Undergrad: 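Please see the structure below; I have some questions.
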Amino acid sequence: MDIKAIGSSSKGNAYIINDARSPLLLECDVNFRQIQKATGFKTSNLAGCLITHEHKDHCGAIKDVLRAGIDCYMSEGTAEAIGIEHHRIKTVQNKQPFKLGSWTILPFDVQHDVSEPFGFLLANRNGNKLLFATDTYYIKYKFKGLTHIMVECNYSLDILNENIENGRVPNIMKRRLLKSHFSLENVKEFLKANDLSNLKEIYLLHLSDNNSDERLFKEEIQALTGKPVYIA
Ligand SMILES: [Zn+2]
Ligand SMILES: [Zn+2]
């Protein structure tokens, strides 16, 4: 399975996962041209686009994606908050699996400061089981037999605290981050709580510009899990 990050930060997120049968777009806040390029100008092959929530850095290009004839899947709360009427917007329900090409997709609720944010568990016939979770400070569920994890790792509490002490980051930002984004410390706890015996790869997503450290995050998660870790 091929996982490609086109964008992964508060400036814009978009990923393509491709199992050679049904390529999927996860989030869509990059220039549509970049999505075209990443698919080899075959956007019509995309089985769909999954959108986790209404923040612009996750759905900024939705009008272009819809116009290109790609169905966009999201919660009812997210669809309402985005506020676009379009026949290609498909709403899905929490914990109700649905099929998209070769994938069976289970949406699940996550913890973020928006109306109805989802994470997605994606399984296909090749035995791949991929977890996609971003913009959540915590995941309350445990998963079995994951082969791929794509998870936000926005900041480290140590770096954030240092930045607040030095006046680089306002204290109010900390209050928001604690209740909206995944810290390195919480990602570690999440990984420890889950069965990683089938896990092949971990992708860390949506790193903060100020409050993260790519090398440190990669080393620490690699040391904890013994699996290859990539920074998206
Ligand atoms: Zn975001
Ligand atoms: Zn967000």
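Quick note: residue numbers are just sequence positions, from 1. What you are looking at is a predicted structure, and each value in this text was computed from that prediction instead of being measured. Atoms within each ligand, like the ligands themselves, are counted from 1 in listed order.
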Undergrad: Quick one: name the protein N/O/S atoms under 2.8 Å from the Zn ion (ligand 1), chain by chain.
TA: Asp57 OD2, His58 NE2, Asp135 OD2, His206 NE2
Undergrad: Given Asp19 and Asn126, is the side chain to side chain donor-acceptor pair (under 3.5 Å) satisfied, shown in steps?
TA: CA-CA 8 Å; Asp19 66 347; Asn126 307 345; 4.7 Å; no
Undergrad: Look at the rings of His112 and His181 and say which category their plane angle falls in: under 30° parallel, 30 to 60° tilted, over 60° perpendicular.
TA: perpendicular
Undergrad: Within a reach of under 6.0 Å around CZ of Arg168, are more than 12 heavy atoms found that belong to other residues, nucleotides or ligands?
TA: yes
Undergrad: For Tyr73, what residues pass the ring pair (Phe, Tyr, Trp, His ring centres under 6.0 Å) criterion, not counting sequence neighbours?
TA: Phe98
Undergrad: Using the rule side-chain hydrogen bond (donor to acceptor under 3.5 Å, both in side chains), only one of Asn211, Asn210, Asp158 pairs with Asn163; which is it?
TA: Asn211
Undergrad: Report yes or no: do Glu27 and Thr52 form a side-chain donor-acceptor pair below 3.5 Å?
TA: yes
